[in-house]
Amino acid sequence: MPDTPKSFQEIILRLQSYWASKGCAIMQPYDMEVGAGTFHPATTLRSLGSRPWAAAYVQPSRRPTDGRYGENPNRLQHYYQYQVLIKPSPPDLQALYLGSLEAIGIDMALHDIRFVEDDWESPTLGAWGLGWEVWCDGMEVSQFTYFQQVGGHDCHPVSGELTYGLERLAMYVLGVDHVMDMPFNDPSAPIPLTYGDVFRQTEQEYSRHNFDAATTEKLFRHFEDAEAECQRLLAEPAEDPKTAKRIVMAHPAYDQCIKASHLFNLLDARGVISVTERQAYIGRVRALAKLCADAFVQTEAGGWTPEAPAA
Amino acid sequence: MPDLLLELFSEEIPARMQARAADDLKRLVTDGLVEAGLTYASAGAFATPRRLVLTLEGLTGESPTTREERRGPRTDAPEKAIEGFLRGAGVTKDQLEVRPDRKGEVYFAVIERPGRPASEIIADVVPQVIRTFPWPKSMRWGAGSLRWVRPLHSILCLLSDEAGSQVVPFAVDGIASGDTTEGHRFMAPGRFSVTNFADYETKLKRAKVILRADERAEHIRHDAEQMAFANGMELVEDTGLLAEVAGLVEWPVVLMGEIEDRFLDLPPEVLQTSMREHQKFFSVRNPKTGRIERFVTVANRETADHGATILAGNQKVLSARLSDAAFFWENDLRVARAGMGDWLDGLKSVTFHAKLGSQAARIDRIAALAREIAPMVGADADMAEEAARIAKADLRSEMVGEFPELQGVMGRYYALAAGRAAEVADAARDHWKPMGQGDEVPTAPVSLAVALADKIDTLTGFWAIDEKPTGSKDPYALRRAALGIVRIVLAGPHRLTLDRFVDAQILRHKIAITRPKVGDDVIDTLEEILGEIAERGVFGAAFKAVTDRLKDKGEAPAEALRSVGDLLPDLSTDLLAFFHDRLKVHLRDEGIRHDVIDAALSKPPTDDLALVVARARALAGFLATPDGENLVQGYRRAANILTQAEEKDGVEYRFGADPKFAETDEERALFKALSEAEAAITPALASEDFAAAMTHMASLRAPIDAFFEAVQVNSDNQVVRRNRLNLLHRIVETCGAVADLSRLEG
């Protein structure tokens, strides 16, 4: 039984080394604004097609509507998710997951871990899966999902996805009541930093920005641009005229889809999208996600081969 | 006689699916085995979060041998026909028998199917059941193609008798059956083998798994009640939650914790909802204060610290949740005390439906209708309007945003905080009712007016834009709304005729929909009609009055106006038929047949549902008596003869039956009985005492029977014949006074 970690970052480091020891490629965060770790192409796109995959990474995630100016003990508009994706899902994924909880100092002999039904669905990604939210003593600490469909494509083989809400999990493990009080680095370090030292100011700035200052006309326009660009990139022929090679631009197009999704989230936070329009916007992002998924399975990483082109 | 034990061990099965899955497993496996010729003495099925279990006792060891004879083609039939027969019967030519037939010789195949051992049949049936199991939602995992509710890990399948036990060998998608299982995930890790069901259940318990859901539930209930009692408290009963929690644990351990003082002033519904929905906690009430002061949570394991860590964790989660709730409550109260203006404004920007406008527009319509309904249900019109205007304000509150199931409940608290009258506040809570089958109907007059107006507005709106429920699709829960109206109207005590309200509200929708497309003059005219409906109570008369006025002024009605005049009555009739359908479903539960309701519905006015039901109940009661059944026979006979004669003669026999043309005593007796019955039935109908009316009808049974016994209707004497046919018409009319008996199926 490892001892209790001392800081937020130690929990992240322990998860990294645990999943590395289980054979995952430890990837880095995707360099774009996303709403959840699932949006990282290492999950969304790599869960498609027949090629095996195993990756784990931290993903900074943004939910503009959850901003509380850094005052709410649990809610943040910017937070970290830890994400694991293994394809095909191994038969002992539940045990592997429980091992990761032990690795960050949760003593299985004292706590009550439960797998409670929670079907995951991402209307913007055209994705769904079955699984659970994992409870530790009544608190949701992770989302555990077997992907069934992504971007409108059936997943074959099925990926197992684990998502840990890092702040909440860490607060629990470290026994902290307010996220801003949580030690970010080792409290005995020469310069100890709390989560608040690192993020309180940005929470305030972004809360103001997301709720009141973001220019909605520009956001609407950027949304349209991202949508058009995504569609345009995918309408290009597979063969690159300059190199005469087959280069499907699935990832650049998917970047535009991610952008559209985040812009939609910002517009939503600004309260300028009505309930009925909301569905329409979600549908537009989903249409992009589907196009990207269609394109990805036409690439080698997505299982395309010159011999068996129809993936 | 061997016993069968089957366990399908998987990752965690959703609690809500477990009981049904256990039943399905039992049904599908036993059906399969019985179909294959096996029998069994008894069956039991069980579920825990990680396993579905079936046990069959007294299974036959093998299926009986069966023999089937199939007649084939003649021996001189073409080779092709014979080959086809061989293929179909699964035999070779030398196995065929030749038997003489009338015109020659014919091949016969005698197919003998030897009995098969039970294990072989089970090995066929169980994999088939697994592959086609009717989970509400199922999934694939890994690289396989099998579907199960969550990944299936192992299959235990044993046949056991006095001599011992044997694995029934088979495999499903690489999972081979065996004789081992696992106990509790954390408290007893590792696999162990079992020999039969008794051994299985005992070893499971040793491995910290209680197999039976009812036993787990009982354990939870008992411990929770004891624990509450020992602390001078009482457990708030919640059977739904109990069943759910029993499906979340294999080894229930009950723990009780305290709710922090700072949350005790939250409305009890908030505490309960927050604890129940998010945490699956039971509420514990202090009988001295009447408040909910503690909670019970059920862990899935014992720990060395007797649950202290688990309880502390749960308590912490609860505090975080309740901090949110308290924050919402305080913010909401501020808005409420300021008069709820922020929320009412906010409803303007909430779209109810793209074609039906905003929530605020909808509230305007409901308020107008609530005013009109108010006098019919004994409510003050101003108060009904006020209640309708604030009834949905809480939809904008933070609390309802977080806990949608508290809509209405919070509305009442906030209305009170806003200083509104208790009747108005109650309407905010109760106008949503009845939400479902078991939910009560509102009874307070103001609540009634708003509840009816709300539901009528919803239904007429979707009718006006032609988005009615079809088949299983009812996304706006319109069936529930209509059933709600039916239940409210039938609960009484007020009599309501729906037509005028339906007409008025369809017209309000039409006005809202056409407003952007037409001139103000058309809208003014439509609103004039609305006023006339309130005055006259009928759309047709109101429409005519207004168009007549236009004509007098020499104006032609606008196209929009004409189309309203053409379409509205049809929509209204169609919606009324929808109410009638709901009424039938509702009364079916009461045991009243649909044709009895159809019979009652053929008497106007059919928009007065209470009257329709009174007729239907009287008729149903009457039909249950021997007199009733016989009278209907007599009625049918009369109606049939009459119809045939009318068709043959091309005339209608309606009037002028005269006793002076009666030739027999039976005829004269029937005349007399009819006159007496009619005299008694008329006042009974006037006072809507349909049961009494039917009792008087019953007195006709003997004279009618005697008449048909003794009298030949189709006499050669045309005067006598006509008179008798007219007499038959009197029977038909009198017997049909309460309901049209020709609608009865017989």
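In this text, all values refer to a predicted model and were calculated from it rather than measured experimentally. In what follows, chains carry the letters A, B, and so on, assigned in the order in which the sequence lines appear, proteins first and then strands, with residues in each chain numbered from 1.
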Region of [X] that comes under 4.5 Å of a non-hydrogen atom in chain A:
X	result
Lys137(B)	both
Val149(B)	backbone
Thr309(B)	both

**Report entry** Audit row: Val317(B), Trp135(A), side-chain contact (heavy atoms from CB on, under 4.5 Å) steps and yes/no
**Finding:** CA-CA 11 Å; Val317(B) 181; Trp135(A) 286 13; over 6 Å; no

Within the 4.5 Å heavy-atom criterion, are [X] and [Y] side-chain neighbours or not?
X	Y	value
Phe115(A)	Arg185(B)	yes
Met17(B)	Glu117(A)	yes
Leu110(A)	Asp305(B)	yes
Trp141(B)	Gln148(A)	no

Smallest separation among heavy atoms of [X] and [Y], with atom names:
X	Y	value
Asp112(A)	Asn300(B)	OD1-N, 3.1 Å
Pro88(A)	Ala143(B)	CB-N, 3.8 Å
Arg301(B)	His111(A)	CD-O, 3.2 Å
Ala320(B)	Asn74(A)	CB-ND2, 3.9 Å

Kindly say whether [Y] contributes a backbone atom to a donor-acceptor pair with the side chain of [X] at under 3.5 angstrom?
X	Y	result
Asp137(A)	Asn314(B)	no
Gln279(B)	Gly138(A)	yes
Trp132(A)	Glu12(B)	yes
Ser89(A)	Gly142(B)	yes
Arg150(B)	Gly131(A)	yes

Would the number of heavy atoms belonging to other residues, nucleotides or ligands and lying under 6.0 Å from [atom1] of [X] be above 12?
X	atom1	result
Phe327(B)	CZ	no
Arg191(B)	CZ	yes
Arg20(B)	CZ	no

Query raised in the report: By a 4.5 Å heavy-atom criterion (distance strictly below it), what part of Leu93(A) contacts chain B: side chain, backbone, both, or neither?
Result: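 Interface part for Leu93(A): neither.
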
Query - Arg140(B) versus His156(A), side-chain donor and acceptor atoms under 3.5 Å - result: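 Yes - a donor-acceptor pair under 3.5 Å links their side chains.
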
Query raised in the report: Most heavy-atom pairs under 4.5 angstrom with chain B, which of Lys87(A), Glu140(A), Met139(A), Gln94(A)?
Result: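 Most heavy-atom pairs under 4.5 Å with chain B: Gln94(A).
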
Requested in this report: May I ask you to name which of Asp119(A), Asn72(A), Val116(A) has the most heavy-atom pairs under 4.5 Å with chain B?
Outcome: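 Top option by heavy-atom pairs under 4.5 Å: Asp119(A).
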
**Report entry** Residue among Arg16(B), His153(B), Lys280(B), Met187(B) with most heavy-atom pairs under 4.5 Å to chain A
**Finding:**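 Highest number of heavy-atom pairs under 4.5 Å: Arg16(B).
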
Query raised in the report: So which of Gly144(B), Ala308(B), Pro151(B), Ser323(B) has the largest heavy-atom pair count under 4.5 angstrom toward chain A?
Result: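 The residue among Gly144(B), Ala308(B), Pro151(B), Ser323(B) with the greatest pair count is Pro151(B).
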
Query raised in the report: Roughly how far, to the nearest 0.5 Å, is CD of Glu11(B) from CG of Leu130(A)?
Result: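 Leu130(A) atom CG to Glu11(B) atom CD measures 12.0 Å (nearest 0.5 Å).
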
